[in-house]
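In what follows, every chain begins at residue 1, and chains take the letters A, B, ... in the order their sequences are listed.
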Protein chains: 2
Amino acid sequence: MRRARGEAATLTLVTGGRTERADAAANRRRILEAAARLFAERGVERVTMVDVARAAGVGQGTLYRRFPSKGALCLALLDEQMRDFQAMVLSQLSAMAQENVPWMDRLGWFLEALVHFHATHIPLLSAAQHEVPQPEEFIASAPFHWERMTVIGLLREAARHGEIAPAQDLRLIGDLLLAPLHPEVFYFLHASSGYTLEQLSAALRASALALARA
Amino acid sequence: MRRARGEAATLTLVTGGRTERADAAANRRRILEAAARLFAERGVERVTMVDVARAAGVGQGTLYRRFPSKGALCLALLDEQMRDFQAMVLSQLSAMAQENVPWMDRLGWFLEALVHFHATHIPLLSAAQHEVPQPEEFIASAPFHWERMTVIGLLREAARHGEIAPAQDLRLIGDLLLAPLHPEVFYFLHASSGYTLEQLSAALRASALALARA
DNA sequence: CCCATAAGCGGATTTGTGTCCACTTTTTAG
DNA sequence: CTAAAAAGTGGACACAAATCCGCTTATGGG
């Protein structure tokens with residue numbers, strides 16, 4: 001497994017003084033659209049990167065320049081698909097703020113929303129997690145990072161408002177709450193072990209309360 | 001990614017009327033030893049299957065006949081390395097039974113033992129989980145299955161002895177407790193997020209109590 | 001011991017992920 | 001407008017995981 005070349009590309013984009021070229025931006029768009037279509041039709045595993053490049057009308061070098069691995073391509077798609085979800089979450093949390101909903105109830109709601117989002121996106125989540133070259137890349141990615149920050153943030157606010165004990169290591173509690181949402185664990189729980197989404201949601205809500213108040 | 005051929009080999013071994021041939025058994029031994037050595041020296045990722053075959057003095061076809069993927073080889077090694085650990089666990093649980101230790105304390109001890117086992121075997125655990133062709137193969141494997149059965153078993157005994165409420169869905173609680181021990185999650189918690197083994201052990205013990213009594 | 005059968009063998013080959021680098025195109029400053 | 005610099009391109013190529021199948025060997029029954 002060789003050094004991921006996209007790292008260099010990423011650094012170039014970040015440190016360069018120029019904006020992204022128009023042709024490159026258009027190609028990126030094309031690649032993402034082709035990948036989304038092919039993955040939805042055939043499943044990630046049965047689509048090769050050559051397939052994606054062909055469907056996008058670009059060469060392999062172009063594809064890899066932009067997405068250093070198949071896993072990175074999946075993560076980029078996941079990031080896009082999460083945009084709407086994130087907007088919905090922010091909107092709903094806003095509405096709850098207007099109504100002064102208890103923070104732990106907001107957390108419970110968010111965990112349930114996560115369960116449903118993960119359930120409807122399990123193919124791409126699972127592929128993203130499995131296709132990244134380095135094991136820890138998935139958890140360190142932007143989508144999972146956002147989930148984590150939100151959970152920990154809600155816990156912190158709950159503590160600040162006296163709903164839970166402030167001495168808790170809230171970061172660790174947040175991480176423990178999110179562990180079952182790791183794609184492989186989640187797939188095992190939902191698809192293999194047969195727990196319903198309602199069961200999982202209820203369990204996470206109960207966990208949040210139990211852990212935060214223990 | 002083509003159909004795993006080892007499935008056919010496995011079925012043959014199970015349904016065949018014959019015992020394993022002596023040469024095949026010896027080759028299997030040789031392969032496992034070579035792999036253990038090379039993986040320990042260079043890390044799983046830097047060792048190719050050709051390296052293992054050469055070191056074992058067998059051909060590639062022989063290697064793959066026995067271990068359908070690199071991940072399966074890792075799992076087999078993990079299974080072996082877990083033997084001593086399992087024996088130690090059984091022995092310790094026996095000793096606790098003699099002393100009538102509360103079941104939840106036994107569970108807490110087991111969870112802590114798991115944390116330590118996972119910490120000292122994270123390279124192989126991580127590789128096994130990441131190298132298996134199908135995402136769910138790891139969790140369904142024998143080592144993880146044993147962990148799961150033991151945790152759920154201890155919870156059930158705790159309920160039977162009135163230490164925790166029996167109405168709980170103990171299976172789900174056990175699964176939630178084990179989620180942070182999934183290799184990728186565990187690596188993230190311990191190596192990336194900086195939680196010590198003591199912190200993780202304490203958190204799992206507290207989780208067990210909180211979840212089971214909630 | 002012999003023979004038939006089934007298990008087992010291995011190295012050439014395939015496949016998909018990822019790399020390489022000479023060439024092309026876009027952008028910006030003068 | 002022009003030239004230089006930097007971003008970007010793509011298809012040949014490398015590599016490691018995995019497959020294939022004709023050939024070999026071990027086993028058990030007669």
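With rounding to whole Å, N27(A) atom CG is found 12 Å from dA7(D) atom C1'. Remark: P of dT17(C) and CZ of R65(A) are 21 Å apart, rounded to the nearest angstrom. What separates CZ of F67(B) from P of dC9(C) is a distance of 11 Å, to the nearest Å. Whole-Å rounding puts the Y64(A) OH to dA12(D) P distance at 16 Å. Rounding to whole angstrom units, CG of residue L63(A) and C1' of dC20(C) are separated by 15 Å. Here the P atom of nucleotide dT25(C) and the CD atom of E20(A) are 19 Å apart, to the nearest Å. The interatomic distance linking D51(B) (CG) with dA17(D) (C1') rounds to 12 Å, in whole Å. Between the CD1 atom of I31(A) and the C1' atom of dT9(D) there is a distance of 11 Å, rounded to whole Å.
Among the nucleotides dA17(D), dA18(D), dG11(D), the one closest to the side chain of Q60(A) is dG11(D). The side chain of M49(B) lies closest to dA17(D), out of dG8(C), dA17(D), dT25(C). Among the nucleotides dG8(C), dG10(D), dT26(C), the one closest to the side chain of D23(B) is dG8(C).
Looking at heavy-atom distances under 4.0 Å, V50(B) makes no contact with the nucleic acid at all. Across all strands, V47(B) comes closer than 4.0 Å only to sugar-phosphate atoms, never to a base (heavy-atom distances). In this structure, A22(A) reaches the sugar-phosphate backbone alone: every heavy-atom distance under 4.0 Å involves primed, P, OP1 or OP2 atoms, never a base. As judged by a 4.0 angstrom heavy-atom cut-off over every strand, T62(A) is placed among the base-contacting residues.
Between the side chains of D169(A) and Y195(B), no donor-acceptor pair of N or O atoms lies under 3.5 Å. No side-chain donor from either of Q129(A) and E137(A) sits under 3.5 Å from a side-chain acceptor of the other.
DNA chain C is contacted by both E131(A) and A24(B); A24(B) maps to the nucleotide lying nearer its 5′ end (nearest heavy atom per residue). Where G59(A) and V44(B) each meet DNA chain D at their nearest nucleotide, the meeting point lying more 5' is that of G59(A).
T62(B) OG1 to R30(B) CZ: the interatomic distance, rounded to the nearest 0.5 Å, is 10.0 Å. Here the straight-line distance linking atom OG1 of T150(B) with atom CZ of F110(B) works out to 4.0 Å at 0.5 Å rounding.
Here R21(B) does not reach the OP1 or OP2 of dG8(C): none of its side-chain N or O atoms lies under 4.0 Å away.
Between A76(A) and L32(A), the shortest heavy-atom contact is CB-CD2, 4.0 Å.
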